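Working notes, beginning with the structure itself.
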Amino acid sequence: MMVQDSASPHVIFDPIAATGLALAAGFCLVAPIVTALWWHRRSGAPLRALGIGALIFFVSQVVLRLPWQIPLGRWVQAHSEWLVPFLLFSSLAAALFEETGRWLGYRHLLTAERSRRVAIMFGLGHGALEAILLAGLPLAGLLVSWMLAAQGRLPSAAADAIRQQTVALDFWKIQLAALERASAIAVHVGLALVVLQVWKRGGLRWLILAMLLHFSINAVAALLVLKLQLSPSVGELMLVIMAAAVLTLGLRLASTARQS
C-alpha cells in the first residue's frame with residue numbers, strides 16, 4: 001500500500017520500500033560496529049586496531065582518492081565511451097591506495113602486535129568506516145529526505161530529485177546495498193590477513209597479491225553488470241562468492257603462518 005501527502009502530489013511515499021531503506025541503512029551503520037565489538041570480546045583484539053583501520057580508509061580514500069576521482073567520474077558520465085577504462089582505472093586506484101595504506105598501517109601503527117586477531121580487527125575498521133560513509137549515512141539521508149519530500153517540506157527541485165531516486169525502490173532490491181557492504185567488509189578482512197603475510201612469511205609479493213585481488217574483485221563486479229548486463233542480484237551473488245573466497249584465503253594463510 002502506498003500513501004501520498006496532498007501537499008506534495010508528485011512524491012509518493014512507499015512505507016514498505018522505506019522500511020527496507022531503514023533496515024539497509026541501520027545494517028550499514030550498526031552491524032560493522034557490533035561485529036567489531038563481538039570480535040574484541042571474543043578474541044581480545046585491541047580496539048585500537050579498529051580505529052587504525054578506519055583511519056587508513058579515511059586517508060587512502062576520503063583524503064587522497066575521492067577528491068579527484070569523483071569529478072573525473074562526473075566527466076565520464078558525459079563521455080560514455082570512457083566508462084569501461086574509467087571503471088578499470090578506478091578499480092586499480094582503489095587497490096593501490098587502500099592496500100598501500102594497509103601495508104603502511106602495519107608498518108608504522110600496528111608494530112606492537114601483528115597477529116591474526118589484530119588483522120581481523122584492522123580489516124573490520126577499514127570496512128566499517130567505508131560502510132558507514134558510503135552506504136549507511138547516504139541511505140539514512142535518502143530516507144529522511146524522502147519523508148520530508150512526501151510531506152511537501154522540500155523545495156520543488158529537491159523533491160523532484162528525491163522522486164527520481166525513490167520511484168523504482170523496492171524492499172528487496174534495497175537489501176542488496178546491505179549485502180554489498182557485508183561482502184566488502186569480508187573482503188577487507190581477507191585482504192588485511194593477506195597483507196599481514198608480508199611480516200609472517202616475508203616479501204612484498206603478499207602486498208602485490210592483495211592489490212591484484214582487490215583490483216580483480218572491483219573490476220569483475222562492475223564489468224559483469226555493465227558488459228554482460230547481469231541483474232544486480234546476480235552481480236551481488238558473484239561479489240558474495242568472491243568475498244568468501246578472499247576471506248577464506250586470508251584465514252588459511254593466517255592459520256598456517258608462523259606466529260609472532
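Quick caveat, the model's predicted, so the values are computed rather than measured. The figures that follow rest on heavy atoms only: side chains count, while hydrogens, waters and symmetry mates do not.
- Of all heavy-atom pairs between Leu124 and Ala36, the closest is CD1-CA, 3.9 Å.
- Between Phe58 and Leu129, the shortest heavy-atom distance links the atoms CB-CD2, 3.9 Å.
- Counting heavy atoms from C-beta on, the side chains of Phe89 and Leu72 come closer than 4.5 Å.
- How far OG1 of Thr19 is from CD1 of Ile174: 9.0 Å, rounded to the nearest 0.5 Å.
- The CZ atom of Arg153 sits 11.5 Å away from the OG atom of Ser145 when rounded to the nearest 0.5 Å.
- Hydrophobic clustering (ILVMFWY, side-chain heavy atoms < 4.5 Å, transitive): Leu50 and Val30 are in one cluster.
- Minimum interatomic distance between Val167 and Gln164 (heavy atoms only, all atoms of both residues): CG1-O, 3.7 Å.
- Residues Arg102 and Ile56 come closest through the heavy atom pair N-CG2, 3.7 Å.
- Crowding of Arg205 atom CZ: a count of heavy atoms from other residues, nucleotides or ligands under 6.0 Å exceeding 12.
- For the residue pair Thr256/Arg201, the side-chain donor-acceptor check at 3.5 Å is satisfied.
- A distance of 9.0 Å separates CD of Gln175 from CG of Leu21, quoted to the nearest 0.5 Å.
- Of all heavy-atom pairs between Met121 and Pro46, the closest is CG-O, 3.5 Å.
- When the side chains of ILVMFWY residues are joined at heavy-atom separations under 4.5 Å, either directly or via intervening members, Ile241 and Leu179 end up in two distinct hydrophobic clusters.
- Here the straight-line distance linking atom CZ of Arg181 with atom CG of Leu29 works out to 12.5 Å at 0.5 Å rounding.
- Inspection of the Gln61 and Glu130 side chains reveals no N or O donor paired with an N or O acceptor under 3.5 Å.
- Put simply, CD1 on Ile12 and OG1 on Thr166 are 9.0 Å apart, with the number rounded to the nearest 0.5 Å.
- Ile132 and Leu37 fall within a single hydrophobic cluster, where Ile, Leu, Val, Met, Phe, Trp and Tyr are joined by side-chain heavy atoms under 4.5 Å apart, directly or via other members.
- Note on ring orientation: taking the six-membered ring where Trp is involved, the planes of Tyr106 and Trp199 are tilted (angle from 30° to 60°).
- Taking hydrophobic clusters as Ile, Leu, Val, Met, Phe, Trp and Tyr residues chained together by side-chain heavy-atom distances below 4.5 Å, Leu247 does not share a cluster with Val240.
- Residue Leu239 comes nearest to Ile217 through the heavy atom pair CD1-CG2, 3.7 Å, listed as atom of the first residue, atom of the second, then distance.
- Side chains of Gln69 and Ser90: a donor on one and an acceptor on the other come within 3.5 Å.
- Ring geometry, His188 versus His214: the interplanar angle exceeds 60°, so the pair is classed perpendicular (tilted spans 30 to 60°).
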